[in-house]
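Comments concern the structure below.
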Amino acid sequence: MALFKHQKQQDSVSVKRARMLAVIMVVGGVLIITKLFVMQVVKHSQYKTVASENQEVSRNILANRGSIFTKEQGELHPLVADLNYYLLYAEPKNIKDSSKIIDTITPILGLKDEEWKALAPKLANQSDPYEPIKHKVSEQQKKEIEAAKLEGLGFSVEPNRYYPEKEIGGHIFGFVSTDGDDQSGRYGLEGYFNKQLSGQRGLLTSIRDAVGSLITIGPRQVKKAQDGSDIVLTIDRAIQYTTCQRLKHYYEWFKADAGTVIIMEPTGAILAMCSFPDFDPENYGETKDIYTFNNPAIFQAFEPGSVFKMITMASGLDAGAVSPDTTYEDFGSIKVDKFTIKNSDLKAHGKQTMTEVLEKSLNTGAIFVEQKVGKEKFRDYVKAFGFGQLTGITLDTEMPGDISLLDEKGPIYGMTASFGQGITATPIQLVTAFASIANRGKLMRPYIVSEINSSDGTKQVFGPEEVRQAVQPKSAALITGMLTSVVENSYSQKAKVPGYYIAGKSGTAQVAGSNGGYGGATNHSFIGFGPVSNPRFVILVTLFNPKGVRFAEGSSVPLFGELAEYLLNYYHVQPDY
Amino acid sequence: MNNRPAATRARQRGTNSKTLKFGVGAMVAVMLIAYIVQVNAIATKGYRIKEIQGTIDDLRRQHDELRTEATRLQSMAAVKDRVGNLEMVSASDADYVAPTPVAVAR
């Protein structure tokens, strides 16, 4: 009975303990649920923000920069494309053996002595978290370094421009400078079409795991990148290459300050454009003089000299002031106010026709025509041929030249302009003016881009664009005949190609010195087109201040002849005779 | 004497209750395991997708490398070198032949 009572008492105690435990558990459970409620409901937005900051990640999706092509027999051939290189970097705090790293990467990357010696203390600095080692590491070099399994090294992708065609000139393309992920085109096509070539970046928003990688199956928002547009040029690769090779030879042979060749179709399409001094767009940082980046073909305005007599003569013919057989008396010089203007050969030739004025490049003859036309009308013709204004070619950085002296009062300015002194013009303006003669008097806009193909499939096509009728077709035909006679009968016979009729005019222009007068330096030009019966090309050759040669007949004229012969063979043009 | 049916009912209730508890517990366990298996499978697939994406990127890089090499080999300078090795010479003056027009009269 006592035992039973004791047992009953013990059971009562156990029940009480159990009940107490249950109460504690219930209270604990309520506390936990309350806490969870506060965290997940009351403070939901606060914790969501903290979680987002930890887990959410936004990354830019880089757009691929557009490429630049030339078209050959219907197929596109790249002249400029994007290629991924790598930046090799080190995390010195994670490096255990910096000398092993130096020994391994030096032969792979071709580091010079001063480079690896400068690098060694940086890699040994354990407090340094990051150290870039080398840019533009190729895929092959990356694989070799990765195979060595060196701790503390890493790679990041660096998109770079790649130019598979070497020695075809850098001025047309310009270059692309890189600042982190940003690429920016400068000069040439890269500068002019930077926006179209760049495209637009996209954005990826997703969540990352504990090590920072994106969770593939996690939620994500993607704004797709829009790749840059591709550009197709009118440039002929073979003509461009040959032109640059030949020009380089003459530029170096005559130790010229600069040289430019432009080859275009009479309707405005640029087939080749090459200038020296040149630069390598892939290594533009090695260029010492920033002025080199400017394309002389569109930037360098100079006094054109006797090539401008074509403009004067065409104006005279079109105005009805002269004909090819009109004569005048050449006394060798003309006195105007306090100035005396002489022929370049310092001779008096007596009675001369207008054709002979061009053949013998007589300054007095050019003045005769200008006086006959009248200064205002002559100025209008000069403007009609496109001088003093931009041609509108789609390249950075074009200059308009300067014909403002034609607005000055006083006859001297028109007279000197008639033989191409006192005014300035760029090579592209000069070749475009000559092309108008080859195109029956129609001045066309020069263009170097034939297509722009966007990443969304849309295509813009560009073709010949007429600016104005500079002179009448009859005048163009007459001046063509006169220019053909120049090549056939004058000192410009090195421009001849046997079997073909070529039209052209040479010019040896004096260069103004810093004191305003003319020194001994000259610029040598020859501009012509052929075959005369059905012109396929117009060529301008200019050598700036060549040494060891006095007149253009010895420098730019033979180069023109070589290029004309090459083109006639290239196009399989049948001989005229 | 009447306790027996009550006791039996009570035992039966107890048995049913135990069975129910066991069943629920088993279902929870099965679903828990299934959930773990499914989540693991999805996570594994996610990493597999990432691996495949890496393979695609590698193949794309190899394609770009080959295309770059092909472009380099087709460049004018490379062609000129190969032409030189073949000892080819420039063509001299070409003779153009104008075919004589043939007229047939019936």
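Proteins come first, then strands; the chains are lettered A, B, ... in the order of their sequence lines, and each starts at number 1.
- Interatomic distance, OG1 of A:Thr242 versus CG of A:Leu563, reported as 8.5 Å (0.5 Å rounding).
- Looking at A:Ala81, neither its backbone nor its side chain comes within 4.5 Å of chain B, counting heavy atoms on both sides.
- Neither the backbone nor the side chain of A:Val497 comes within contact range of chain B; no heavy atom of the residue lies under 4.5 Å from a heavy atom of that chain.
- Residues meeting the side-chain hydrogen bond (donor to acceptor under 3.5 Å, both in side chains) test with A:Tyr570, sequence neighbours left out: A:Asp236.
- Neither the backbone nor the side chain of B:Gln53 has a heavy atom closer than 4.5 Å to any heavy atom of chain A.
- Shortest non-hydrogen contact noted between A:Ala63 and A:Gln226 is CB-O, 3.4 Å.
- At a 4.5 Å heavy-atom cutoff, A:Gln240 makes no contact with chain B through either its backbone or its side chain.
- Applying a 4.5 Å heavy-atom cutoff, the residues of residues 77-87 of chain B that approach chain A are B:Ala77, B:Lys80.
- For B:Arg67, no part sits under 4.5 Å from any heavy atom of chain A, backbone or side chain.
- Counting non-hydrogen atoms of neighbouring residues, nucleotides and ligands closer than 6.0 angstrom, the CZ atom of B:Arg61 exceeds 12 such neighbours.
- Aromatic pair A:His135/A:Tyr86: centroids not less than 6.0 angstrom apart.
- One side chain, A:Glu562 or A:Tyr250, offers a donor N or O that lies under 3.5 Å from an acceptor on the other.
- Contact of the A:Lys166 side chain with the B:Ser75 side chain is not registered, since no non-hydrogen atoms from C-beta on lie closer than 4.5 Å.
- With a 4.5 angstrom heavy-atom cutoff, A:Glu167 does not touch chain B via any of its atoms.
- The shortest heavy-atom contact between A:Asn84 and A:Pro159 is OD1-CA, 3.6 Å.
- Contact annotation for A:His77: only side-chain heavy atoms (C-beta onward) come within less than 4.5 Å of a heavy atom of chain B.
- Checked against the 6.0 Å centroid criterion, the rings of A:Tyr501 and A:Tyr577 qualify as a close aromatic pair.
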